[in-house]
J.: 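Sending over a structure as structure tokens; questions will come in a sec.
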Amino acid sequence: MTNSDPPLLNHYGALFSSHSPQLDDPKNRLVIEECQLPLIDLSGLSNHDETVRRACVAAICGASSEWGFFQVLNHGISPQLVEKMRSEQVKLFKIPFEGKASCGLLNNSYRWGSPRATCPKQFSWSEAFHVPLTKVSDEACYGEFISLRAVMIEFAAAMSKLAGLLGSILTANLGHGKEVIKNLCEEGTCFLRLNHYPACPISPEILGLVCHTDSDFLTILCQDQVGGLQLMKDSKWVTVKPNRDALIVNIGDLFQAWSNGVYKSVEHKVVTNAKMERYSIAYFLCPSYDSSIGSFKEPSIYRKFTFREYRDQVQEDVRKTGYKVGLPRFLVSGRGDLLTGSME
């Protein structure tokens, strides 16, 4: 392969030639197993039997504590809507690189590779549109992709509703009102991210998305059947088997801090595929930038911080080193377990 679109190969080659050729990372040498994430049927939340409702809530909260990840069925987003969204997404990414990078599509939110990578192991073989929810309905963002707008609006609304539901369950489980998440989070700081992972035949060690934790309350992922998502469980990398009918939910850093470590923000990554491209769509539930994030009880593992402070610190760490330090910077001295090695 002598070229790629986007020019991932050129970018990776420049990093590779200026650094040690060793891609290997101790974390990538850990045992990799296939896993079936906890699978939760959300229809239980509306069941007339209170025992069934409570069991569903317990499953959501238990998985958030034990795994930091779970899958949901009967989530309210129809297969037809998912299929329409996927079709529009594929058409969008088929544009030549120059068009995606310069035409201002979706609030000029196109990203590719890892501009801040300082060595090959920090490099991500992927491209994405990272779209603020406030811009999803803006006609000026879509150019010739007129049909994408209506689908994006419907899809974003459905994901927002689901994220709000799950967030309210998780806060209520800790003794807080269901309105807490609604009051903290706003459309202006929530995002939809359209991801494309091109086939990467040059090395299985190159990652589609490097190891990281999410800097939000929670993330909802709609992925195709190619697979590639891996997460850390019991000091091992485990591969998540795709489920055509399910969405994946994972806890972010803010919920770990807010819950005082009850809910776990778990490291995860995406591996590349030598022959097949992969598509996914992620919804990020984020608070307003001035929202104060503090543990819900004392003694607190983490000191209070604003989302703006957190994001600024993460971006500064990544700019300087290529690594995301994240929550460890906000630990109260002498308490808590470090989440080291995370990257964004």
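We use all heavy atoms of the structure for the numbers below, so side chains are in, but hydrogens, waters and symmetry mates are not.
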J.: Is the distance between the ring centroids of Trp258 and Tyr263 less than 6.0 Å?
T.: no
J.: Any donor-acceptor pair under 3.5 Å linking the side chain of Ser109 with the backbone of Leu106?
T.: yes
J.: Just checking, is any N or O donor in the side chain of Glu277 or Asn273 under 3.5 Å from an acceptor N or O on the other one?
T.: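 There is no such pair (donor and acceptor under 3.5 Å, judged by atom type) between the side chains of Glu277 and Asn273.
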J.: Can a cation-pi geometry be assigned to Lys100 and Trp112, taking NZ or CZ under 6.0 Å from the six-membered ring centre and within 45° of the ring axis?
T.: no
J.: Does a side-chain heavy-atom distance below 4.5 Å link Gln89 with Arg86?
T.: yes
J.: Under 6.0 Å from the six-membered ring centre of Trp67 and within 45° of its axis: does the NZ or CZ of Lys233 meet both?
T.: yes
J.: So among Phe307, Tyr302, Tyr310, which one has a ring-ring contact (aromatic ring centres under 6.0 Å, His included) with Phe330?
T.: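 Answer to the ring-ring contact (aromatic ring centres under 6.0 Å, His included) test with Phe330 among Phe307, Tyr302, Tyr310: Tyr310.
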J.: Between Arg53 (side chain only) and Asn47 (backbone N and O only), is there a donor and an acceptor less than 3.5 Å apart?
T.: yes
J.: Is there a path from Val52 to Ile60 through hydrophobic residues (I, L, V, M, F, W, Y) whose side chains come within less than 4.5 Å of each other?
T.: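 Different hydrophobic clusters.
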J.: For this output row, return yes or no: ring centroids of His130 and Tyr110 closer than 6.0 angstrom.
T.: no
J.: side-chain contact (heavy atoms from CB on, under 4.5 Å) between Phe145 and Ile95: does it pass, once the steps are laid out?
T.: CA-CA 11 Å; Phe145 291 88; Ile95 307 172; 3.2 Å; yes
J.: What about Tyr283 and Phe155, are their ring centers closer than 6.0 Å?
T.: no
J.: Looking only at non-hydrogen atoms, find the nearest pair between Leu285 and Ala163 and report the distance.
T.: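 Answer, listing the atom of Leu285 first, then Ala163: CD2-O, 3.9 Å.
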J.: Take Thr306 and Asp290 through the side-chain contact (heavy atoms from CB on, under 4.5 Å) test and state the conclusion after the steps.
T.: CA-CA 6 Å; Thr306 66; Asp290 293 325; 5.6 Å; no
J.: Please find the pair of heavy atoms, one from Leu42 and one from Cys56, that lie closest to each other, and give the distance.
T.: CA-SG, 4.2 Å
J.: Give the C-alpha distance, both sets of side-chain angles, the deciding distance and a yes or no for side-chain hydrogen bond (donor to acceptor under 3.5 Å, both in side chains) between His212 and Glu267.
T.: CA-CA 5 Å; His212 67 288; Glu267 290 182 322; over 6 Å; no
J.: Given side chains that start at C-beta, do those of Thr213 and Val266 come closer than 4.5 Å, heavy atoms only?
T.: no
J.: Consider only side-chain heavy atoms of I, L, V, M, F, W and Y, link residues closer than 4.5 Å, and tell whether Phe129 and Ile153 are in one cluster.
T.: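 Linked within one cluster.
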J.: If you define the side chain from C-beta out and look only at heavy atoms, does anything of Asp214 sit under 4.5 Å from His268?
T.: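 Side chain of Asp214 against side chain of His268, heavy atoms only: contact under 4.5 Å found.
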J.: Verify, without hydrogens or angle tests, whether Glu186 (side chain) and Gly188 (backbone) share a donor-acceptor contact under 3.5 angstrom.
T.: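 Such a contact is absent between Glu186 side chain and Gly188 backbone.
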J.: For Arg278 and Gly227, indicate whether the former's side chain and the latter's backbone hold a donor-acceptor pair under 3.5 Å.
T.: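 Judged by distance alone, yes, a pair lies under 3.5 Å.
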J.: Would you say that Cys61 contacts Val57 through its side chain, given a criterion of any heavy-atom pair below 4.5 Å between the two side chains?
T.: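 Contact flag for Cys61/Val57 side chains = yes.
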J.: Determine whether Val226 and Trp237 fall in the same hydrophobic cluster, where Ile, Leu, Val, Met, Phe, Trp and Tyr are linked whenever their side-chain heavy atoms lie under 4.5 Å apart.
T.: no
J.: Is a salt bridge present between Arg193 and Glu127, judged by a nitrogen-to-oxygen distance below 4.0 Å?
T.: no
J.: Check the pair Arg311 / Ser215 against side-chain contact (heavy atoms from CB on, under 4.5 Å), numbers first and verdict last.
T.: CA-CA 8 Å; Arg311 290 293 297 170; Ser215 303; 3.5 Å; yes
J.: Could you report the tightest heavy-atom contact between Met85 and Met152, atom names first, then the distance?
T.: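 Closest approach of Met85 to Met152: CE-SD, 3.4 Å.
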J.: Is the shortest side-chain heavy-atom distance between Glu205 and Thr272 below 4.5 Å?
T.: no
J.: Under 4.0 Å between a Lys/Arg side-chain N and an Asp/Glu carboxylate O for Arg149 and Glu88?
T.: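 So Arg149 does not pair with Glu88 through a salt bridge.
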J.: Look at the side-chain heavy atoms of Ile, Leu, Val, Met, Phe, Trp and Tyr, link any pair under 4.5 Å apart, and say whether Leu166 and Leu45 land in one connected group.
T.: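 Both belong to a single hydrophobic cluster.
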J.: Yes or no on salt bridge (charged side-chain N to carboxylate O under 4.0 Å, His left out) for Asp253 and Lys324, after CA distance, side-chain angles and deciding distance?
T.: CA-CA 12 Å; Asp253 295 345; Lys324 170 190 172 186; 2.6 Å; yes
J.: Can you see which heavy atom on Val314 is nearest to which on Gly326, and at what distance?
T.: CG2-CA, 4.4 Å
J.: Could you check Ile181 against Phe255 for side-chain contact (heavy atoms from CB on, under 4.5 Å), going step by step and ending with a plain yes or no?
T.: CA-CA 10 Å; Ile181 285 292; Phe255 241 143; 3.9 Å; yes
J.: So do Gln71 and Leu37 actually touch side chain to side chain, heavy atoms under 4.5 Å?
T.: yes
J.: Provide the closest heavy-atom pair for Leu207 versus Val210 in the form atom of the first, atom of the second, distance.
T.: CD1-CA, 3.9 Å
J.: Tell me if the CD atom of Glu139 is crowded by more than 12 foreign heavy atoms within 6.0 Å.
T.: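 Incorrect, the count does not exceed 12.
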J.: Assigning hydrophobic clusters by single linkage (Ile, Leu, Val, Met, Phe, Trp, Tyr; side-chain heavy-atom cutoff under 4.5 Å), is Val90 placed with Phe97?
T.: yes
J.: Less than 4.5 Å apart, any side-chain heavy atom of Leu194 and any of Leu92?
T.: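 Yes, close enough: below the 4.5 Å cut-off.
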J.: Any side-chain to backbone donor/acceptor pair from Asp138 onto Ala140? Under 3.5 Å, distance only.
T.: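 The answer is yes, because a donor-acceptor pair under 3.5 Å joins these two groups.
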J.: Considering only heavy atoms from C-beta outward, does the side chain of Pro79 approach that of Val82 to under 4.5 Å?
T.: no
J.: For Arg303, does the CZ atom sit with more than 12 other heavy atoms under 6.0 Å from it, leaving out its own atoms?
T.: yes
J.: Of all heavy-atom pairs between Cys35 and Val238, which one has the smallest distance, and what is that distance?
T.: SG-CG2, 3.7 Å
J.: Does the distance from a Lys or Arg side-chain N to an Asp or Glu carboxylate O, for Arg319 and Glu316, drop under 4.0 Å?
T.: yes
J.: With distance as the sole test, does Tyr142 use its side chain to make a donor-acceptor pair with the main-chain N or O of Val136 at under 3.5 Å?
T.: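 Checked: pair present.
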J.: Donor-acceptor pair, Gln122 side chain versus Thr321 backbone, under 3.5 Å?
T.: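 Between the backbone of Thr321 and the side chain of Gln122 there is a qualifying donor-acceptor contact (under 3.5 Å).
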J.: Are the side chain of Asn260 and the backbone N or O of Ile301 linked by a donor-acceptor pair below 3.5 Å?
T.: yes
J.: Can a donor-acceptor pair be found, under 3.5 Å and without considering hydrogens, that links the side chain of Ser124 to the backbone of Ser114?
T.: no
J.: What's the verdict on side-chain hydrogen bond (donor to acceptor under 3.5 Å, both in side chains) for Ser288 and Ser291, showing C-alpha distance, side-chain angles and the deciding distance?
T.: CA-CA 5 Å; Ser288 63; Ser291 293; 2.5 Å; yes
